[in-house]
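Small disclaimer: the values here were computed from a predicted structure and weren't measured. Chain naming here is simple, since letters A, B, ... match the order of the sequence lines and numbering starts at 1 in each.
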Amino acid sequence: RRRRRLRVFCQGQQAGPLGGPPARRGAAPWGSMAMNYNAKDEVDGGPQCPPGGPAKNRRPDNTAFKQQRLPAWQPILTAGTVLPTFFIIGLIFIPIGIGIFVTSNNIREIEIDYTGTDPSSPCNKCLSPNATPCYCTINFTLEQSFEGNVFMYYGLSNFYQNHRRYVKSRDDSQLNGDSSALLNPSKECEPYRRNEDKPIAPCGAIANSMFNDTLELFLVGNESYPTPIPLKKKGIAWWTDKNVKFRNPSGGESLKERFKGTTKPVNWVKPVYMLDSEPDNNGFINEDFIVWMRTAALPTFRKLYRLIERKSDLHPTLPAGRYYLNITYNYPVHSFDGRKRMILSTISWMGGKNPFLGIAYIAIGSISFLLGVVLLVINHKYRNSSNTADIT
Amino acid sequence: ESLKVLKMFTDFLSFMVLFNFIIPVSMYVTVEMQKFLGSFFISWDKDFYDEEINEGALVNTSDLNEELGQVDYIFTDKTGTLTENSMEFIECCIDGHKYKGAAQDTDGLSQTDGPLTYFDKADKNREELFLRALCLCHTVEVKTNDTVDGPTESAALTYMSSSPDEIALVKGAKKYGFTFVGIRNGHMRVENQRKEIEEYELLHTLNFDAVRRRMSVIVKTQAGDILLFCKGADSAVFPRVQNHEIELTKAHVERAHVERNAMDGYRTLCVAFKEITPDDYERINRQLIEAKMALQDREEKMEKVFDDIETNMNLIGATAVEDKLQDEAAETIEALHSAGLKVWVLTGDKMETAKSTCYACRLFQTSTELLELTTKTIEESERKEDRLHELLIEYRKKLLHDFPKSTRSLKKAWTEHQEYGLIIDGSTLSLILNSSQDSSSNNYKSIFLQICMKCTAVLCCRMAPLQKAQIVRMVKNLKGSPITLSIGDGANDVSMILESHVGIGIKGKEGRQAARNSDYAVPKFKHLKKLLLAHGHLYYVRIAHLVQYFFYKNLCFILPQFLYQFFCGFSQQPLYDAAYLTMYNICFTSLPILAYSLLEQHINIDTLTSDPRLYMKISGNAMLQLGPFLYWTFLAAFEGTVFFFGTYFLFQTSSLEENAKVYGNWTFGTIVFTVLVFTVTLKLALDTRFWTWINHFVIWGSLAFYVFFSFFWGGIIWPFLKQQRMYFVFAQMLSSVSTWLAIVLLIFISLFPEILLIVLKNVRRRSARNPNLELPMLLSYKHIDNGY
């Protein structure tokens, strides 16, 4: 047992009474208790530590804080105050939940797995590594038309973009256009930092593993030839990422010159300055690249790929009917049992289709309301019985 | 192969780094701060302020605040603790003749009127001898206000001594006409009834000590006679009186007086003297000087010499000095009793004196059955140990018969069953503890302890200081190691103050040794009530809540991170940004709990002091038992799971924003963290029953700071950071309606069990309400008892 003392020894004069042996202080043993306690010391009275100055007033201040009497709100959570909260919560949560649930149900979503593991799948042929480039086509039908803006996502499964060593394998200074970091990337990028004595731009495992399948969508209309659906590449990344966090290096005229002295990531086919033809979507500010660089939270994830903008109010963006998806199959996932999917989805004020939130709100609201009722009954019963008990 | 081992090792270390937050290192800091700052409230309390000594409470340690709320046994000294220790000379007895003076000691101006009314007179010479003895046998020092002193100045004398008894005696002698004027050049000067100054050469002072319980002086009169005056406790003096028959009869009368006085609650001292022939004195002087000069075993040698000198004395008389009970001592004892505390009085005084004090301060009720284990009850028989054994067995039988086995119900039983009190004295105690080395000694002790535990009040009288400590140690080592508290004012209590868990010193008249060796020092015994019932209770509740809350909030914090490992390939990827990991315990959640643990008053201070039984609610470390701990752990586990899986299911969608943009892992972590910070803070808000402006400020301030910090941290590309993980994550997160809805929902789900529990507790309390419990305890039950 610890007994630590914050003690200030008092320095009073300690003459032993009447020429006796100089008194030792009995205060000596620190925690060693009475073992070496000395009976002789008890006599030691004598003039003790004289109180500071005689005039000094040691009365503690009579302030609310020091006397622990600060004005305070002392809530008493009784059944009377808590029960209404249950009802209010119930009454608020249930409508919100219904609203969310309905909204979520109105969102159209279709998911097409094009990994090709199934032998009957058209993309099955692309599983072998030597078939590059490999093209395959998947047919599908939209039962209902997709109205408003439609978004195309690609989804990967069993892909651990949140692995610790993967997440840190990037150099944000390089991506922000820092010229020294461009030629001398961070050590975090190892082993994708240099290739053949040239710095890699963009360095690191994330960039190296960038998704590079190309997806094209065609509507098989009533006419004999299919109509390509226009897919917009821009506007899929966070605004701040595109405009602040990611920047091409400054310098030379063309983008190629600015990246001079660097080499492409090992797995890439094209260097970074040839990602797109448009200059404001090329290099580090290519939006497909930016989207990829925002590492996903879970091993099964979706990333925004293209926008399909609404043409007019009269026609649905994607009318019901038969479509086919043209895939340039570059991205191997078979080796780690991964899956690749293409998702088409409309959107609402609350984002994509997500039944969880609505159901949770309805469930919690109902539980809250029910408990409120149950407790109200119990409470009422008790009040009655305790009243009668008081009387008797 | 070696690579694999290395990988295992680094993985292990990485996980250690990842999960180390679950050990709340910051708790240690916060607890220390809470204890340090919290202890100020005791010294600031104006209820502990005493006008007389112009001082408040003193806190010597900040470590034991919460122990004040856990005390099971209180050991209190009598003199100066239960009583005022302001002595008043009441009466004296010379050669068997009783002299009773006016009770009030006036300020000393009118004392020279001559002898006061005597009931019947003893021989004039003996009377004067007795008064001279009172004037000479002491260690009082005189402080004169004026250096040019003469006999006329005697009125202005102020006496100073370590023992108030001595002052009372000297003042008493003054009342009868003998005034001690002071010491000059080694001569004690006494002004006698005829206003003449008598001078005595002070040869030796045989100091008082608690073992001998007497003191002596050797003086040389002007005529050249050498006299020894001795005063001390009756038990210390009677055996040393000459065994002549006349003396013996006298002694008997005297003894009767002493006993009666003791019954009245007075402190009695016997005075004896002896004449020493010059030859003897030579020898004594030599021995004394030799002993004083001894380099080794000086104390033993001195003691032996003292022992030799103080023999064959002649008894002159006895004095009775009254010691008044302290203000509200009885109320305090009663309150402590009803708080379920066991109060033991350990005193060096005579049994009769102590017993009457115990009755006066209601430690013993009239209905209390007293069990006595004293020399008186034992001496009658020939073999002490057999008799002791018999008594012990008998008492145990009586007690076990009366009480149910379990100690839990014992507390309740106190108010209903017969109360027992035990009285034991020092010599019997040493007989029990140190009885001959056969197997029975252990047996005695255990039986004795069984008896002690069943008694509501125990009085130990005639205790030497070391015995006090021995008793405390014995109780401290009982099964279940109860928390002991000792309170005392004098140097002889220091051993017991140091021995017990909590030592309380009274800033009394016997110097400051007790106060300086104690953990807390208060001016009066009555302050113990508020110190334990209010301060102790609150501190215990505060610190218990603090500790539980810390484990809770850190488990909440780390559990999602643990669960995340299952979704990131066990790669030790942190869920939260490094800044959040660092700041969580330091900035976001530390101040609210610190403010809570300093200011919380779940029950009003006034209620706590007026209803002592509330103290029982927290006895036995009730808030830190397995049950409450499991509840907190369960709550934390539940909340951590809700945070993680709530966010997990939220992320089972393509996008959370109306423009379909996708969130990454840092947004995931930030959502979890936001819910976490709000939940643990609001949980504390739900627990807070005393909302001062400080609580409001730190609770809402912490949340506001979190939001502000997150915006700030994500608002800038920080040049010193290698990775801009959090850039605009927080702001982007808040731009999504779904996230807002999810955060509100998850906070509510997390707090739901807590709210439900509050309601259920409320209903249960209502159902358990017993009309009897509503009676205000303190005043009621004694009065009812007396009424019947």
Contact part of Leu58(B) toward chain A, heavy-atom cut-off under 4.5 Å: side chain, backbone, both or neither?
neither
Can you find a heavy atom in the side chain of Asn604(B) that is under 4.5 Å from one in the side chain of Gln74(A)?
yes
Any idea which heavy atoms bring Leu650(B) and Asn354(A) closest together, and the distance?
O-ND2, 3.2 Å
Is there a side chain to side chain contact (heavy atoms under 4.5 Å, CB included) between Phe645(B) and Phe356(A)? Walk through the geometry before answering.
CA-CA 11 Å; Phe645(B) 284 103; Phe356(A) 162 73; over 6 Å; no
Side chain, backbone, both or neither: which part of Ser43(B) has a heavy atom under 4.5 Å from chain A?
backbone
Heavy-atom distances under 4.5 Å only: say whether Tyr361(A) touches chain B with side chain, backbone, both or neither.
both
Under 6.0 Å between ring centres, would you say that holds for Phe93(A) and Phe748(B)?
yes
Please examine the side chains of Tyr727(B) and Val244(A), heavy atoms only from C-beta on, and report whether any two atoms are closer than 4.5 Å.
yes
Close side-chain approach of Gln67(A) and Asp45(B), heavy atoms under 4.5 Å:
yes
Report which part of Glu51(B) has an atom under 4.5 Å of a heavy atom belonging to chain A: side chain, backbone, both, or neither.
side chain
Examine whether an atom of Ala360(A) lies under 4.5 Å from a heavy atom of chain B, and if so say whether it belongs to the side chain, the backbone or both; otherwise answer neither.
both
Sort Val217(B) into side chain, backbone, both or neither according to what part of it lies under 4.5 angstrom from a heavy atom of chain A.
neither
Of all heavy-atom pairs between Ser186(A) and Lys722(B), which one has the smallest distance, and what is that distance?
OG-CD, 4.4 Å
Which is it for Trp666(B) and Asn162(A) under the side chain to side chain contact (heavy atoms under 4.5 Å, CB included) test, yes or no, and what are the steps along the way?
CA-CA 10 Å; Trp666(B) 299 115; Asn162(A) 56 8; over 6 Å; no
Should Trp44(B) and Asp61(A) count as side-chain neighbours, where that means a heavy-atom distance under 4.5 Å?
no
Please tell me whether Phe41(B) and Phe65(A) form a close aromatic pair, meaning their ring centres lie under 6.0 Å apart.
yes
Could you check whether any side-chain heavy atom of Ile96(A) comes within less than 4.5 Å of a side-chain heavy atom of Leu741(B), counting everything from C-beta outward?
yes
What heavy-atom pair brings Tyr153(A) and Ser655(B) nearest, and what distance separates the two atoms?
OH-CB, 3.6 Å
Interchain contact, His696(B) with chain A, by part (heavy-atom threshold 4.5 Å):
side chain
Looking at CZ of Arg725(B) and CZ of Arg294(A), how far apart are the two atoms once the value is rounded to the nearest 0.5 Å?
12.5 Å
Taking every heavy atom of Pro60(A) against every heavy atom of Lys46(B), the minimum-distance pair comes out as CG-CA, 3.9 Å
Option in Phe570(B), Tyr564(B), Phe651(B), Phe48(B) with maximal non-hydrogen atom pairs under 4.5 Å from chain A:
Tyr564(B)
Is it the backbone or the side chain of Lys245(A) that comes under 4.5 Å from a heavy atom of chain B, or both, or neither?
both
Heavy-atom cut-off 4.5 Å, strictly under: side chain, backbone, both or neither for Ala237(A) against chain B?
backbone
Kindly indicate, with the supporting measurements, whether the criterion side-chain hydrogen bond (donor to acceptor under 3.5 Å, both in side chains) is fulfilled by Arg164(A) and Gln572(B).
CA-CA 6 Å; Arg164(A) 182 172 58 89; Gln572(B) 305 104 39; 3.0 Å; yes
Side chain from CB out, backbone as N, CA, C, O: work out which of these in Ser345(A) comes under 4.5 Å of a heavy atom of chain B, or both, or neither.
side chain
Counting only non-hydrogen atoms closer than 4.5 Å, does Ile343(A) touch chain B with its backbone (N, CA, C, O), its side chain (CB onward), both, or neither?
neither
Got a second to check how far Leu298(A)'s CG is from Asn665(B)'s CG, nearest 0.5 Å?
9.0 Å
Between Ser173(A) and Gln724(B), does a side chain to side chain contact (heavy atoms under 4.5 Å, CB included) hold up when you go through it step by step?
CA-CA 9 Å; Ser173(A) 325; Gln724(B) 310 294 336; over 6 Å; no
Taking it one step at a time, do Phe86(A) and Phe752(B) satisfy ring pair (Phe, Tyr, Trp, His ring centres under 6.0 Å)?
CA-CA 10 Å; Phe86(A) 276 139; Phe752(B) 200 76; 5.6 Å; yes
Please round to the nearest 0.5 Å and tell me the distance separating atom CZ of Phe567(B) and atom OG1 of Thr300(A).
9.5 Å
Should the pair Trp691(B) and Trp73(A) be assigned to parallel (<30°), tilted (30 to 60°) or perpendicular (>60°) ring geometry?
tilted
Below 4.5 Å from any heavy atom of chain B, which atoms of Leu175(A) appear? Answer side chain, backbone, both or neither.
neither
Between the CG atom in Leu721(B) and the CG atom in Asp172(A), the distance rounded to the nearest 0.5 Å is 9.5 Å
Test item: Trp693(B) and Pro71(A) side chains (from C-beta on) under 4.5 Å apart, heavy atoms
no
When the 4.5 angstrom heavy-atom criterion is applied to Glu109(A) and chain B, the contacting part is side chain
Checking Trp238(A) side chain against Tyr663(B) main chain: does a donor-acceptor pair fall under 3.5 Å?
no
Between Gly155(A), Ala64(A), Ser348(A), Ser104(A), which shows the greatest number of heavy-atom pairs under 4.5 Å with chain B?
Ser348(A)
Taking Asp50(B) first and then Arg59(A), would you say they form a salt bridge - that is, a charged N and a carboxylate O separated by under 4.0 Å?
no
Would you give the length of the straight line joining atom CD1 of Ile107(A) to atom OG1 of Thr653(B), rounded to the nearest 0.5 angstrom?
7.0 Å
Drop me the distance from Leu307(A)'s CG to Asn659(B)'s CG, to the nearest 0.5 angstrom.
9.0 Å
Measuring only between side-chain heavy atoms, which start at C-beta, is Asp241(A) closer than 4.5 Å to Lys661(B)?
no
Residues Leu375(A) and Leu760(B): closest non-hydrogen pair is CD2-CD2, 4.0 Å
Okay, side chain of Thr692(B), backbone of Ala72(A): is any donor-acceptor separation there less than 3.5 Å?
no
His163(A)/Gln573(B) under side chain to side chain contact (heavy atoms under 4.5 Å, CB included): CA gap, chis, key distance, verdict
CA-CA 6 Å; His163(A) 195 282; Gln573(B) 167 66 18; over 6 Å; no
Side chain / backbone / both / neither for Thr63(A) at chain B, heavy atoms under 4.5 Å
neither
Non-hydrogen atoms of Ser654(B) and Arg302(A) that approach each other most closely
CB-NH1, 3.4 Å
Any heavy-atom pair between the side chains of Ile605(B) and Gln68(A) that's under 4.5 Å?
yes
